[in-house]
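Numbers for residues simply follow the sequence, beginning at 1. For the numbers below, each heavy atom of this structure counts, side chains included, while hydrogens, waters and symmetry mates do not.
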Amino acid sequence: MTSTLDWMPKPFGPGDIAGDGTQKLLGTSLAAPELLVRETAQNSWDARVREGASVPEYRLQFRALDESGVRLLRESVFPQMRPGASLRAALERPSMEVIEISDRGTTGLRGPTRNDALVRPGDPTDYRDFILTVGAKQDQKNGGGTYGFGKTAAFRASRHSTVIVWSRVRLNSGEYQERFIAVAINESFQYAGKRYTGQQWWGRKVEDSKLTQAEPLLGNEAHELADRLFCRGFGDDETGTSLLVLDPRYDALDESSDGGRAAFVEAAREAVMRNLWPKTMGAQESQRAMRVMLVDGDRELDLHGMQESRVFRDKCECLRAIRSVQAGGASRNPLIRVVPITWGRGRKLVGHLALSKPVLGPSDMWEDLARTVTLMRSEAELIVEDKEYPHVHGGDAWAGVFKPVSQLDDVFAKAEPPSHDKWDFSALEGHEKSLVKVGLERVLEGVREYVRPPAADPDVEGHSSTGAVAAVLGKSLGGAIASGAEEDNPSTARKGRRGKAKAQGRGSGVEVLGWELLPDDDSVLSRTRFTLQVVDEKPVRVVPVMGIAIDGGQIRPDGGSEVFVENCEMADGTPLEADCMEVPSSTELSVTVAYPHGVAIDCTFRTVEI
């Protein structure tokens with residue numbers, strides 16, 4: 001027989017915070033889907049099992065409970081609630097939308113299920129911190145979350161601020177235990193002559209020395225109820241936590257959205273790709289990775305579209321470079337500049353800034369993140385903010401990543417609000433305030449120095465256009481750029497403008513209209529095809545000037561021994577001699593350049609009158 005839960009609203013006591021005030025403590029401008037993804041994924045990452053090489057799993061599923069599921073909620077989970085509660089009316093409908101958020105390969109909500117139980121230093125208190133306590137300090141060193149206020153993101157996503165929690169933990173005895181409870185954080189209310197905070201639990205009411213405790217269902221009793229409500233169960237040796245967000249606020253988007261489940265799901269998909277990419281990018285150690293899934297109904301959504309973005313690839317390469325440097329090595333990518341960020345007279349190392357210059361394609365889905373620095377915590381590598389610098393001017397697109405060193409992770413964590421979406425040094429005092437403030441100023445200085453246009457070389461004449469391509473690809477990097485890739489990946493770009501590289505020099509010349517990396521069907525060479533537009537008014541010869549990038553960002557000229565034109569033709573298909581590309585005026589042509597796997601190349605096209 002299915003259990004029926006007890007209702008336990010919290011009466012006001014000295015120092016208590018009203019439930020609606022608890023939610024306001026989160027204080028964020030983030031849209032509901034992004035806030036939900038950031039906060040719940042952060043909780044899942046902090047709860048990962050650290051022993052072994054298993055990769056934790058984080059999953060969001062958008063679905064609907066049918067009539068039997070809603071009846072189970074009405075009769076067994078919420079048989080009693082305050083008069084006038086919005087949830088009461090919602091449970092009279094024949095179905096209900098829900099968001100199921102689950103993690104596996106995590107520890108579950110461990111520790112005592114009572115708030116008054118004493119624990120030894122270092123023992124887990126996950127259950128009571130998430131279920132029973134507001135604003136519990138994160139005691140996980142270098143964890144992503146700092147204060148328990150962020151947990152209210154799941155409650156804010158529900159129209160009724162109500163969440164059902166199912167967790168499976170491994171006890172000290174080695175046995176597994178399931179825990180089930182429902183929680184609400186509503187506005188304060190009066191009932192039966194008493195004032196209540198709005199925090200409520202549905203579980204097992206335990207009377208102990210005149211103190212009423214809200215305990216979860218345990219063991220088989222918990223499993224029987226949870227198994228009928230949740231889609232994702234537990235394997236024999238699995239631990240983790242699942243949340244069921246009831247009746248989501250699918251209309252809680254910005255004014256430009258039409259609202260509805262489809263819009264919310266798409267916003268959540270975007271939030272996953274933009275906020276969790278350090279966990280999902282390919283070819284990285286298992287201890288840095290997290291498997292992320294987004295399911296709409298029973299359909300798993302594609303989360304790898306960002307692989308096509310040049311900005312995404314360069315952000316990934318920037319992070320790889322910082323990881324290498326902070327591990328005591330050096331950046332292996334000559335197209336990434338890594339800048340140490342220091343503080344004070346002793347030049348104390350604060351962190352590292354990595355910068356690159358992607359060439360944007362005509363429809364780069366991350367184009368809005370060009371000219372931003374991704375600020376992230378050190379060990380957790382959870383994104384705090386994509387920081388924009390509107391007053392930094394430079395012709396080329398650029399992208400960057402900044403990570404503090406692990407020793408200063410806690411200092412930067414103190415500068416975060418409960419929603420973890422910025423670093424605000426004004427929240428700090430003394431040398432910590434100075435350290436974060438100066439560190440962020442040094443990041444700005446590093447960006448300005450990087451994007452400052454180079455001084456003009458008076459000895460350079462002629463008509464030319466740089467359609468520079470950085471082919472940081474292939475065999476030597478092992479497909480390290482694209483998320484989840486196993487084969488060689490397309491190049492990122494060294495420099496260029498948004499979709500077109502303008503002619504340089506006096507008068508007219510040649511413009512690079514676009515370029516594409518051709519399919520890799522060669523074990524030795526990679527190939528890129530450029531589309532050029534000759535804008536001279538007379539017939540000209542197009543002359544490519546090619547080079548290979550070496551350490552330090554320098555370009556070593558190549559006379560055709562390694563980088564060479566393999567094929568060229570006019571727009572109408574008329575072939576041209578690769579070593580003598582003579583064309584009429586105002587002509588469009590394509591040029592295929594071949595080069596070895598794993599090198600970065602620089603191509604400049606010039607015109608010479610004939």
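Within the 4.5 Å cutoff, side-chain heavy atoms of L532 are placed close to those of V591. In this structure, V392 and R371 have side chains that are not in contact, with every pair of non-hydrogen atoms separated by 4.5 Å or more. The closest side-chain heavy-atom distance from L353 to V447 is below 4.5 Å. Within the 4.5 Å cutoff, side-chain heavy atoms of L435 are placed close to those of L408. Between F530 and C603, some side-chain heavy-atom pair lies under the 4.5 Å cut-off. Taking 4.5 Å as the limit, every side-chain heavy atom of R291 sits out of range of all side-chain heavy atoms of P56. Looking at heavy atoms from C-beta onward, S324 lies out of side-chain contact with S331 at the 4.5 angstrom threshold.
The salt bridge (Lys or Arg N to Asp or Glu O under 4.0 Å) contacts involving residues 435-448 comprise K437-E441, R442-E445, where partners must be two or more places apart or lie in separate chains.
Under the side-chain contact (heavy atoms from CB on, under 4.5 Å) criterion, E285 pairs with Q287, R288, R323, sequence neighbours left out. A search for salt bridge (charged side-chain N to carboxylate O under 4.0 Å, His left out) contacts involving E516 returns R529, not counting sequence neighbours. In terms of the salt bridge (charged side-chain N to carboxylate O under 4.0 Å, His left out) criterion, R347 has no residue partners (sequence neighbours excluded). Annotation: ring pair (Phe, Tyr, Trp, His ring centres under 6.0 Å) contacts of F412 (sequence neighbours excluded): W423. Remark: D572 pairs with M570, T574 by the side-chain contact (heavy atoms from CB on, under 4.5 Å) rule, at least two apart or across chains.
Side chain of E379 to backbone of V405: no donor-acceptor contact under 3.5 angstrom is found.
Looking at D103, T40, T280 one by one, the single match for side-chain hydrogen bond (donor to acceptor under 3.5 Å, both in side chains) with Y58 turns out to be T40. The only member of R104, R232, R48, K279 that meets salt bridge (Lys or Arg N to Asp or Glu O under 4.0 Å) when paired with E57 is R232.
Heavy-atom contacts from other residues, nucleotides or ligands closer than 6.0 Å to CG of D298 number 12 or fewer.
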